[in-house]
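What follows is a set of notes on a single structure, which appears directly below.
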Amino acid sequence: MRVGLFVTCLADLMRPSIGLAALKLLEQAGCEVVVPASQTCCGQPGYNSGDRAAAQALARKVIAEFEHCDYVVVPSGSCGGMIRTHYPELLADAPDLKERVAWLVNRTHELTDFLVNVMHLEQVPGRFDGTVTYHDSCAGLRELGVKSQPRALLSRVPGLALKEMQQPEQCCGFGGTFAVKYGEISSRIADQKCQDVESAGADALVLGDLGCMLSIEGRLRRRGDRKTRVLHVAEVLAGMSGEEIE
Amino acid sequence: MQVTSQQFKQAASRKLADHKLQTALMNARGRLVAARARSIQELDNFEEIRQAAADIRDHCLAYLDVYLEEWERNARAAGTIVHWAESHEEMNRLVLEIARRNQVRKVIKSKSMLGEESGLNEYLEEGGLEVRETDLGEYIIQQAGENPSHIIAPAVHKSKDEIADLFAEKHKRPRLTEIEALTHEAREILRPHFLDADMGITGANFLVAETGSTMIVTNEGNGRMTTTMPRVHVAVAGIEKCLPTLEDFSLLMRLLARSATGQSISNYLSFTTGPKRPADKDGPDEFHVIIVDIGRSRVLGSALREALRCIRCGACMNHCPVYQNIGGHAYGWVYPGPIGSVLTPAYVGIDKALDLPNAATLCNQCGVACPVKIPLPDLMRKLRERQVELRLRPGGERLGLKVWAWLATRPRLYALATRIAARLGRLAGGRERLIHWLPPGASQWTLGRDMPAPRGRTFRDIYAARRRA
């Protein structure tokens, strides 16, 4: 089974360990993983900023890069949601692409969803000694229905105990360019997420979207919390975090 | 009401720093969300009802002309005097004319968002009438000289202590501290006004075509008194409020109160079908309904049409992380929160509310709570697209997007640019791996947050090196 890994532009630039962890998980699950070298971004920043033409150009590029794969896997609910939920509307006025878009939509999965629902993964390589709390990212949860999948996988990590926060489904305030256009509001919303995380009292916050990670970790550190680790679910499942790969 | 949505950013900033407001918002936060969550559990097929409600609203909007004419025929047959108004000014003028013809001096009002839109109270007061808001929340903000900050809980931004101070000052009575006592005092003050008012003004939650009725959903009983006690009753309603049948109404009603306050049904549902008939004990001698367009038909023919499904429950704002933190006033017009971020630019002009559709995380907590499934984030995105088409975005942002799109479609250059950015970011992060300051364009990030620094190498470089090894 040929699986195309869509690394996402944020993970590529900010936290490559997420891509490496996703790669390891997919390979260990028995997939033949291809990583198209020309990939950049799914187009969401343009789409959500009202620049439809830029978003369309990038959507076409993604389709061309991944259509030789059996599946496309994305370690992000946000980028996965962009492809699955929004590409059909974004490319609606390009009838020549209709079938190719439909194909991509049906074959694209968020990483944990793919591991649970397509690969039926039973064992994960990672180990984590401590408690974690899980934040549901908005797009993963509300566009793709990613809720039980990461929890099911985390429950298979030896040593790990999940402690839910009060409102795991509440938005963290990131919102893409919202975080830089309305920084004050954005960081206030992030602050409430931090309070919820801290009340849960876990050793680490785990989540599936790097945008939320940057926002929540950034606010945690500014609040003076140096202790709560912030990890991507792929890193935990694969037993890799940023430090080890450098 | 005057539109101040262009000052959204500054207003939001003030609201975030307003301790009293933050306390009030913190107390309210989650209360309505939890109440709704509990009450929709009573329905075993909530999602099906929601879909049916959305379908009913779409059907009404598709055949609006047919149902409005049917409503008008039935309303006239029941003795209702029907007026049509295209603008806020026309609506205000019609109300004042009706008042003057009937020698009205005092008006009591039940809550009407349309009345807020058109500044009806001020207009009537300038015309020499005394106008009393009778909904408790509206009464409070009228006393305080403020605008509503929520469509169903207009005074939600005020704490009990603020209201206690306000009542003591305005009522010139000893300061009370218990909510029940405060409510009782407001009731005592309002009672004589109900008794000697000449005219009652209400909005309308729905117009029911098959019976020609207007109907209002209330909790305090003030609406019932406003529709029945004064000699003249005037209801104002937007054209989009029309429903074909009572059956449709009952389906929507299963969702409205639950979505709004978590009640299975509101305390009062008042239908008005014509004025007092000879055998009736009470009711007005004259019943006027003013049906207004004011931008609705324009929205009906636009890409934002789904916003007209709205049944004004307020769930979208209750569930909005932005609204939860800044309250309703910062939005700068009548409708705050996600629905306001769509309706305000749609009704007052896209260039008069540039921030609103952008000041949202697109988390869709609103969309999944909406009882009529309005795709609010999609509508906000359409407004963002329109702003770009009309070149209404700031130059820096346009340039930034251009550069990003240019690079992202040129993989080799993109790889080079990100390689450099990853290294610079690593350096900027220092030993802590945290960036405390970002340059203009991204500087707002670091107002209240650090930026976890990149690790020095991009995924693509690490991956390529591994493949070579």
Side-chain angles (χ1 to χ4, degrees), chain A residues 7 9 11-20 23 35 37-41 43 45-52 54 57-58 61 89 138 142-143 169-171 173-176 178-192 213-215 217-219 221-222 230 242 245-246, chain B residues 9 12-13 16 30 321-322 324-326 355 358-365 367-368 378 381 383-389 393 397 401-402 404-405 407-409 411 414 418 421-422 425 432 434 441-452 454-464:
Chain A
V7 179
C9 60
D12 175 53
L13 172 65
M14 303 295 288
R15 194 136 166 164
S17 51
I18 295 170
L20 297 170
L23 189 63
V35 187
S38 62
Q39 62 177 289
T40 55
C41 170
Y47 187 55
N48 285 348
S49 300
D51 190 343
R52 218 177 151 79
L58 283 162
K61 180 169 167 297
E89 185 279 329
C138 293
R142 281 179 275 275
E143 291 181 349
E169 298 184 1
Q170 175 80 0
C171 175
F174 172 64
F178 172 80
V180 291
K181 285 182 185 163
Y182 302 92
E184 226 183 328
I185 305 174
S186 173
S187 48
R188 182 66 65 88
I189 301 172
D191 193 62
Q192 278 141 22
M213 280 179 81
L214 297 172
S215 171
E217 184 174 1
R219 182 60 203 163
R221 303 300 173 244
R222 184 63 69 89
V230 181
I245 56 143
E246 284 161 32
Chain B
K9 224 171 183 170
S13 187
L16 288 172
V322 175
Q324 285 168 357
N325 279 285
I326 63 171
D355 279 310
N358 288 291
T361 63
L362 304 182
C363 67
N364 200 25
Q365 290 177 190
V368 297
D378 292 341
R381 199 181 291 104
L383 282 158
R384 295 178 185 190
E385 286 176 3
R386 193 77 190 123
Q387 287 186 11
V388 169
E389 281 165 24
R393 298 307 303 164
E397 182 182 319
L401 268 173
K402 271 219 173 72
W404 164 80
L407 269 178
T409 44
Y414 183 88
T418 48
E432 293 180 305
L434 287 175
S443 60
Q444 285 206 34
W445 179 284
T446 41
L447 282 179
R449 260 179 306 222
D450 292 327
M451 175 62 89
R455 302 301 167 110
R457 291 174 78 195
T458 60
F459 172 89
R460 104 181 52 239
D461 283 350
I462 298 169
Y463 183 74

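So that the names make sense, note that chain A is the first sequence line, chain B the second, and so on, each numbered from 1. Everything quoted here is computed from the prediction, not taken from an experiment.
With a 4.5 angstrom heavy-atom cutoff, B:S443 does not touch chain A via any of its atoms. In this structure, chain B has heavy atoms under 4.5 Å from both the backbone and the side chain of A:V35. With a threshold of 4.5 angstrom between heavy atoms, A:E89 does not approach chain B through any atom at all. Using a 4.5 Å cut-off between heavy atoms, B:A464 makes no contact with chain A at all. If you measure heavy-atom distances from A:L23 to chain B, the contacts under 4.5 Å come from the side chain alone. Within the 4.5 angstrom heavy-atom criterion, atoms from both the backbone and the side chain of A:A179 approach chain B. Only the side chain of A:K61 comes within contact range of chain B, with heavy atoms under 4.5 Å apart. Contacts between A:C171 and chain B at a heavy-atom distance below 4.5 Å involve backbone atoms as well as side-chain atoms.
For the residue pair A:Y182 and B:N358, no side-chain donor N or O sits within less than 3.5 Å of a side-chain acceptor on the partner. The closest side-chain donor-acceptor pair between B:R449 and A:S215 falls under 3.5 angstrom. With hydrogens and angles left out, the side-chain atoms of A:N48 and B:R384 include no donor and acceptor closer than 3.5 Å.
Counting only distance, with no hydrogens or angles, the side chain of A:R188 and the backbone of B:N325 share no donor-acceptor pair below 3.5 Å. Listed for the B:R460 side chain is a donor-acceptor partner under 3.5 Å among the backbone atoms of A:A37. Within the 3.5 Å criterion, the main-chain N or O of B:A408 finds a donor-acceptor partner in the side chain of A:T40.
To the nearest 0.5 Å, atoms CZ (B:R455) and CE (A:M14) are separated by 9.0 Å. Between the SG atom in B:C363 and the CD atom in A:E169 there is a gap of 11.5 Å [rounded to 0.5 Å]. Here CZ of A:R52 is found 13.0 Å from CZ of B:R386. Values are rounded to the nearest 0.5 Å. The SG atom of A:C9 sits 12.0 Å away from atom CG of B:L407, with the distance rounded to the nearest 0.5 Å. Taking CD from B:Q444 and CD1 from A:I185, the interatomic distance works out to 9.0 Å, rounded to the nearest 0.5 Å. How far CD of B:Q387 is from CG of A:D51: 13.0 Å, rounded to the nearest 0.5 Å.
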Apply side chain to side chain contact (heavy atoms under 4.5 Å, CB included) to the pair B:M451 and A:R222, showing each step before the final yes or no.
CA-CA 9 Å; B:M451 175 62 89; A:R222 184 63 69 89; over 6 Å; no
Evaluation steps, side chain to side chain contact (heavy atoms under 4.5 Å, CB included), between A:V7 and B:Y463
CA-CA 11 Å; A:V7 179; B:Y463 183 74; over 6 Å; no
Quick one, B:F459 with A:R15, criterion side chain to side chain contact (heavy atoms under 4.5 Å, CB included). Give me CA distance, side-chain angles, the key distance, then yes/no.
CA-CA 8 Å; B:F459 172 89; A:R15 194 136 166 164; over 6 Å; no
Between A:K181 and B:E397, does the side chain to side chain contact (heavy atoms under 4.5 Å, CB included) criterion hold? Intermediate values first, please.
CA-CA 10 Å; A:K181 285 182 185 163; B:E397 182 182 319; 3.3 Å; yes
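Taking every heavy atom of both residues into account, B:L401 and A:S49 meet most closely at CD1-CB, 3.7 Å.
Counting heavy-atom pairs under 4.5 Å between each of B:D461, B:D355, B:L362, B:I326 and chain A puts B:D355 at the top. Counting heavy-atom pairs under 4.5 Å between each of B:A421, B:A12, B:A405, B:S13 and chain A puts B:S13 at the top.
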